[in-house]
Amino acid sequence: MDFILEAAVRAVKTLFATDISKESLGLQQTRKEFEGEITLVVFPLTKVSRTSPEQTGTAIGKFLVNEVEEIESFNVIKGFLNLSLKNSYWLRIFYQEINQSNFGVFPSNGKKVMVEYSSPNTNKPLHLGHVRNNLLGYSVAEILKANGYEVIKANLVNDRGIHICKSMLAWQKFGNGETPETSGLKGDHLVGKYYVLFDQEYKKQVEELKNQGETEEQAKKNAPLIREAQEMLQQWEQGNPQVISLWMDMNEWVYAGFAETYKKLDVDFDQYYYESNTYLLGKSLIDEGLEKQVFFKKEDGSVWIDLTADGLDEKLVLRADGTSVYMTQDLGTAQLKYDEYHTDKALNVVGNEQDYHFKVLYLILKKLGKTWAEGLYHLSYGMVDLPSGKMKSREGTVVDADDLIAEMEVTAKAQTDILGKARDFPEEEKQDLYHIIGMGALKYFLLKVEPKKRLLFNPNESVDFQGHTGPFIQYTYARIRSVLTKGNFISDPNFIPVKTVSAVEKDLIIQLEQFPVFLAEAAENYSPAVVANYVYELAKTYNKFYHEESILKAEEETVKVFRLQLSAVSAQMIKKSMNLLGIEVPERM
RNA sequence: GCACUUGUAGCUCAAUUGGAUAGAGCACCUGACUACGGAUCAGGAGGUUUGGGGUUCGAAUCCCUACAAGUGCACCA
């Protein structure tokens, strides 16, 4: 559309004797209710034209029709100059851009980005909140890849700390040697069971102590179970062989469980980091900071940074006993990641409860003089809430990831059975289909919302399969595939181009042409929701086209071929967009 | 208490980054198949964009203020 802007600049210079920049002009798609495809907003130009918006628009419109070959006609409504472009222009866009194999493919931009996501604790199975994280991280990584970045997907596993010791201790005390094999439980669920059990037993002890006259605070500190857990953590840090061995066993169970869930979610990682390896790393950075006088030491030996000048607090970066805190560790991990990959950007996909932490983390790194810290970004997303409020794993009010996935497949099967379309599919294809549709519904549901907004999930109302949903888009794809098959479509370079296009066809071409724009916007905003909304609009436009124009019974063979080509490209763009969201599309459903 | 985020139809979400009469889906009502796949399409009804000020030719969007919800403010991670 640059040529229109350039012509408009010339128009302003000729008509009003003023130089303006292209950037100061606003082009937008013409609203559906008006004639035309492209609209120039002329309000800002009335200052230099010194006439009404209507007169200004008309003057520029006349100039453009005369000067620009591709512009067919114009109309002015209020301060909006609506331009209609010639059929030949839209057909050229279709044949020379959209219908080429490299359409929508961004060349490498030579930049490297790491996307850290998932980052689970190893003391309990994944729940709906983690699902949102995983889908977001995966999708953003794919979107960046499609924008020409080299992407490294990383998973920082939180495999150490007091919470793991709680599961370990409960297992030791009450587990009777239970394993995933003997219990038939998925490893992460088995470990999670003991995490819950710990909490239950711990609460009992606290109650007992309170009955004996201790305050709540005292009781929470003095309960034998928590003391034992703390002791276990100390032993872990000292390398006690029994504790380490138990820790390794239970972590293995959890990893096996996670691997299964990741597979079902279809997410993957190029690099794993383990906090048990990285938690000590930050200490050299603490020394560095002390040397540079970015940090200061208090009398008790603890190390702090004063961020009050930046409107934040004083923040502890190293304990008095010399052990590392969360911040120490994350400073170290950030440095480690940079040293290994020298990335231009690095994202942390982490919930918005940690907004403050990352703000501080990035600021500290900048103060330490790490220029690469400019490329760090916290992709913060809202919590997933239930109608009853927040999910709490210890109170059993979580929506478990594995249960949810299974339920989605059951619902997908039920829907498919009602419609009866897959009745004679082979059994294996049916199973695949239920998974594709169920996950399509779930993933689309979670990704169509802007990341930073909180998400309400009602487990009692199953996720929709109609309307603004994943299955709607999948259906559109499957139907196109069906038409292409029936029309014996093979992409043939020796086609005869058509000369005219209908209104819907034009809409569809415009929609398709927008793909790279939205793809770039999705990357800029780190927002899969942009892609989700785009592909929905595209599917809707295609469906309208499908209903209004006959493809296989087109008036002429050339028109039929054109419509098949248009359909084929639409299918490709739908598939491509859905894949960016981590959603598969079925060939039939 | 302080800080950050959010507030749009009954419900779930959009709004080309300040542009036209605020758009979709679900739910509700009315239509469209002797079929290129009805998980679709066409139409109806539904709004003081939380309230109040301000900036602007123009505000859901920017500023101020009040309210509501969420999150954070550990020598936990």
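Every chain is numbered from 1 and lettered A, B, ... according to where its sequence line falls, protein lines coming before strand lines.
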Any side-chain donor near an acceptor of the partner, [X] and [Y], under 3.5 Å:
| X | Y | value |
| --- | --- | --- |
| Tyr326(A) | Glu275(A) | no |
| Asp355(A) | Ser380(A) | yes |
| Glu549(A) | Ser502(A) | yes |
| Thr56(A) | Thr46(A) | no |
| Asp159(A) | Thr122(A) | no |

Under-4.0 Å side-chain N/O to phosphate OP1/OP2 contact, Asn543(A) with C41(B): yes
Under-4.0 Å side-chain N/O to phosphate OP1/OP2 contact, Ser482(A) with G37(B): yes
Rounded to whole Å, please give me the gap between [atom1] in [X] and [atom2] in [N].
| X | N | atom1 | atom2 | answer |
| --- | --- | --- | --- | --- |
| Leu484(A) | G37(B) | CG | P | 11 Å |
| Phe472(A) | U40(B) | CZ | C1' | 8 Å |
| Leu307(A) | C4(B) | CG | P | 15 Å |
| His547(A) | U40(B) | NE2 | C1' | 4 Å |
| Arg132(A) | G70(B) | CZ | P | 17 Å |
| Leu386(A) | U12(B) | CG | P | 14 Å |
| Met589(A) | G38(B) | CE | C1' | 13 Å |
| Lys544(A) | A32(B) | NZ | P | 19 Å |

If we take the [atom1] atom in both [N] and [M], what is their distance in whole Å?
| N | M | atom1 | answer |
| --- | --- | --- | --- |
| A15(B) | A32(B) | C1' | 30 Å |
| U6(B) | C13(B) | C1' | 14 Å |
| A3(B) | G58(B) | C1' | 34 Å |
| U30(B) | G51(B) | P | 34 Å |
| G7(B) | A14(B) | C1' | 15 Å |
| U12(B) | U8(B) | C1' | 12 Å |
| A20(B) | U61(B) | C1' | 16 Å |
| G43(B) | G18(B) | P | 31 Å |

Is [X] touching bases, backbone alone, or none of the nucleic acid, heavy atoms closer than 4.0 Å?
| X | result |
| --- | --- |
| Gln230(A) | nothing |
| Pro53(A) | nothing |
| Thr46(A) | nothing |
| Leu312(A) | nothing |

Pro586(A) versus Ile436(A), closest heavy-atom pair with distance: CD-CG2, 4.0 Å
Minimum heavy-atom distance between Met589(A) and Leu433(A), given as atom pair plus value: CB-CD1, 3.7 Å
Can you list the residues that meet the side chain to side chain contact (heavy atoms under 4.5 Å, CB included) rule with [X], with sequence neighbours excluded?
| X | value |
| --- | --- |
| Met383(A) | Asn352(A), Glu353(A), Asp385(A) |
| Glu450(A) | Lys453(A), Ser527(A), Ala529(A) |
| Asn75(A) | Glu35(A), Ile77(A), Asn82(A) |

Side chain to side chain contact (heavy atoms under 4.5 Å, CB included), paired with Val535(A), selected from Lys448(A), Met578(A), Lys540(A): Met578(A)
ring-ring contact (aromatic ring centres under 6.0 Å, His included) involving Tyr381(A) - partner list, sequence neighbours excluded: none
Non-neighbouring partners of Phe43(A) that pass ring-ring contact (aromatic ring centres under 6.0 Å, His included), sequence neighbours left out: Phe80(A)
Which residues share a salt bridge (Lys or Arg N to Asp or Glu O under 4.0 Å) with Glu228(A), sequence neighbours left out: Lys173(A)
Set of salt bridge (Lys or Arg N to Asp or Glu O under 4.0 Å) partners for Glu231(A), sequence neighbours left out: none
Aromatic ring pairing [X]/[Y], orientation class (parallel under 30°, perpendicular over 60°, tilted between):
| X | Y | answer |
| --- | --- | --- |
| Phe358(A) | Tyr362(A) | tilted |
| Phe198(A) | Tyr202(A) | parallel |
| Trp247(A) | Trp236(A) | perpendicular |

base_contact_polar (U17(B) base, Asn525(A) side chain, donor-acceptor, <3.5 Å): yes
Under 4.0 Å protein heavy-atom contact, by nucleotide of nucleotides 20-30 of chain B - B base, S sugar-phosphate only: BS-SSSS----
B/S/- contact track for nucleotides 72-77 of chain B, protein heavy atom under 4.0 Å: SS-BSB
Which residue lies more 5' along RNA chain B, comparing Val41(A) with Val483(A) via nearest heavy atoms: Val41(A)
5'-most by nearest nucleotide on RNA chain B - Gln415(A) or Leu455(A): Leu455(A)
Sidechain N-carboxylate O distance under 4.0 Å for Asp287(A), Lys283(A): no
Syn/anti state for U17(B) [syn: chi within 90° of 0]: syn
Side chain of Arg479(A) - closest among A14(B), U17(B), G38(B): G38(B)
RNA chain B base-pair string [pairs: Watson-Crick or G-U under 3.5 Å; |: paired with another strand]: (((((((..((((.....[...)))).(((((.......))))).....(((((..]....))))))))))))....
Whether Phe43(A) stacks on the six-membered ring of G19(B) base, 5.5 Å and 30° limits: yes
Quick test: give all pairs of protein nitrogen or oxygen and nucleotides 6-10 of chain B nitrogen or oxygen below 3.5 Å, distance rounded to 0.1 Å.
| residue | atom | partner | partner atom | Å |
| --- | --- | --- | --- | --- |
| U6(B) | OP1 | Lys452(A) | NZ | 2.5 |
| G7(B) | OP1 | Lys453(A) | NZ | 3.4 |

Sub-4.0 Å heavy-atom contacts from residues 551-561 of chain A onto RNA chain B, ordered by number: Ile551(A), Leu552(A), Lys553(A)
